[in-house]
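Notes follow the structure.
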2 protein chains.
Amino acid sequence: MQLSNTSQYAIRMLAYMADKKDSPLINATELAKVLQIPYKFLTKIMTELVKADLVISMRGREGGYSLSKKASDIKVDDILNVFHDSIQEEQCVLGIGFCNGMCKCALHDQWMEPKLLLQKMFRESSLEDIAGKGCKI
Amino acid sequence: MQLSNTSQYAIRMLAYMADKKDSPLINATELAKVLQIPYKFLTKIMTELVKADLVISMRGREGGYSLSKKASDIKVDDILNVFHDSIQEEQCVLGIGFCNGMCKCALHDQWMEPKLLLQKMFRESSLEDIAGKGCKI
DNA sequence: TTTAATTACTACTTTAAGGTAGTATTAAAG
DNA sequence: CTTTAATACTACCTTAAAGTAGTAATTAAA
Ligand code: SF4
Ligand code: SF4
């Protein structure tokens, strides 16, 4: 019951970048070292974030990565969507069926509440919220 | 963000058994067919449930499985614990660190609420609650 | 006592996520 | 122009979960 490694890495990478919004470009070497994420895996993930238009990359010497928009405009859910790790509308807590409300077990209604809270949290929390709150992640 | 396949299967298997509390023993062949779970995988899972004392098994002809206690006494969380799929006390929503409340990101407090709800749900929901509510899972 | 039907055990295969290696491409610095 | 430092691409390796196969052990019916 937790996010994939890849999503976790992606969130931390982008949160770090949001935190260092003074630097126009941040490179993979720095990110890998500071966040303790394998360099090659990090660049692989970053390339996906570039393709998803959450990040802009500059190749070549003095290159690096930067957020494609304001930190407050990049929601956690946008990141999760890139890696298909977001909570779907009809997703069953047990992963058994898809909730249609027609025929339900006792857990169905109980699941609604935490599910809605999680969805809300992911959709409304931006990188700005996560970063720069005194605690580096 | 969902339970492992193994946990899902285990819950469905036990819920089905709870539902058929009239039959003293239920065998793997029936379970596999009705629940559409691979027979060999099902027996592997069931053996773990036997070792965890949630299920009693009878070998040999006319053998099968039965719940080791009343359906109302087997909680979903008991099943999740067998497969290390329960939500830990200090578990971080992002899977990044372990929440100690000392140094936290903005998601930390928001995570508390759905997490407590999920824990409560898993701990308080029994097989009796899931089974026999008109909807077979 | 033999046979059939069942669970238990051991070992293997498959799949997908996570991770690594090497090379190509790009662009600024010198 | 050449070098250097960066990202991008392709292909592979590793690990753990999921699933499969075959055989042993057990028990009741015949
Ligand atoms: S009724 Fe229960 S098992 Fe079925 S989709 Fe809803 S939560 Fe899942
Ligand atoms: S502060 Fe945020 S990242 Fe750190 S453990 Fe709590 S929820 Fe996770």
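Convention: sequence-line order gives letters A, B, ...; per-chain numbering from 1. Scope of the values below: all heavy atoms of this structure, side chains included, with no hydrogens, waters or symmetry mates.
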Query raised in the report: To the nearest angstrom, how far is B:R59 atom CZ from D:dT26 atom P?
Result: 5 Å

Query raised in the report: With sugar-phosphate meaning primed atoms plus P, OP1 and OP2, does A:M46 contact a base, only sugar-phosphate, or nothing at under 4.0 Å between heavy atoms?
Result: nothing

Report task. Return the 5'-most residue of the pair A:R61, A:V50 with respect to DNA chain D, ranking by each residue's nearest nucleotide. Result -> A:R61

Query - Results of side-chain hydrogen bond (donor to acceptor under 3.5 Å, both in side chains) for A:T47 - residues two or more places apart only - result: none

Query raised in the report: Partners of B:D53 by side-chain hydrogen bond (donor to acceptor under 3.5 Å, both in side chains), sequence neighbours excluded?
Result: none

Query raised in the report: Listed by chain and number, what are the salt bridge (charged side-chain N to carboxylate O under 4.0 Å, His left out) partners of A:R123, not counting sequence neighbours?
Result: A:E89

Report task. Kindly state each residue pair satisfying side-chain hydrogen bond (donor to acceptor under 3.5 Å, both in side chains) with at least one member in residues 23-42 of chain B, sequence neighbours excluded. Result -> B:Y16-B:E30, B:K20-B:E30

**Report entry** Sugar-phosphate, base or nothing in reach of A:S57, heavy atoms under 4.0 Å
**Finding:** sugar-phosphate

Query raised in the report: With sequence neighbours excluded, what pairs up with B:E48 under the salt bridge (charged side-chain N to carboxylate O under 4.0 Å, His left out) test?
Result: none

Query raised in the report: Which part of the nucleic acid does A:T47 contact within heavy-atom distance under 4.0 Å: base, sugar-phosphate only, or nothing?
Result: sugar-phosphate

Report summary line: By side-chain hydrogen bond (donor to acceptor under 3.5 Å, both in side chains), B:S126 pairs with (sequence neighbours left out) B:D129

Where do N or O atoms of nucleotides 16-20 of chain D meet protein N or O atoms at under 3.5 Å, pair by pair?
residue : atom : partner : partner atom : Å
D:dA18  : OP1  : B:N5    : N            : 3.0
D:dA18  : OP2  : B:T6    : OG1          : 2.7
D:dG19  : OP2  : B:Y9    : OH           : 3.4
D:dG19  : N7   : B:K44   : NZ           : 3.3
D:dG19  : O6   : B:K44   : NZ           : 2.7

Report task. Could you tell me whether a side-chain N or O of B:Q119 sits under 3.5 Å from a main-chain N or O of B:L116, the two making a donor and an acceptor? Result -> no

Query - Atom pair distance, as rounded to whole Å: CD1 in A:I45 and C1' in D:dC9 - result: 16 Å

Report summary line: Outermost contacting nts on DNA chain C, any atom under 4.0 Å from chain A heavy atoms, listed 5' then 3', are C:dG18 to C:dA29

Report summary line: Contacts satisfying ring pair (Phe, Tyr, Trp, His ring centres under 6.0 Å) that involve residues 41-73 of chain B (not counting sequence neighbours) are B:Y9-B:F41

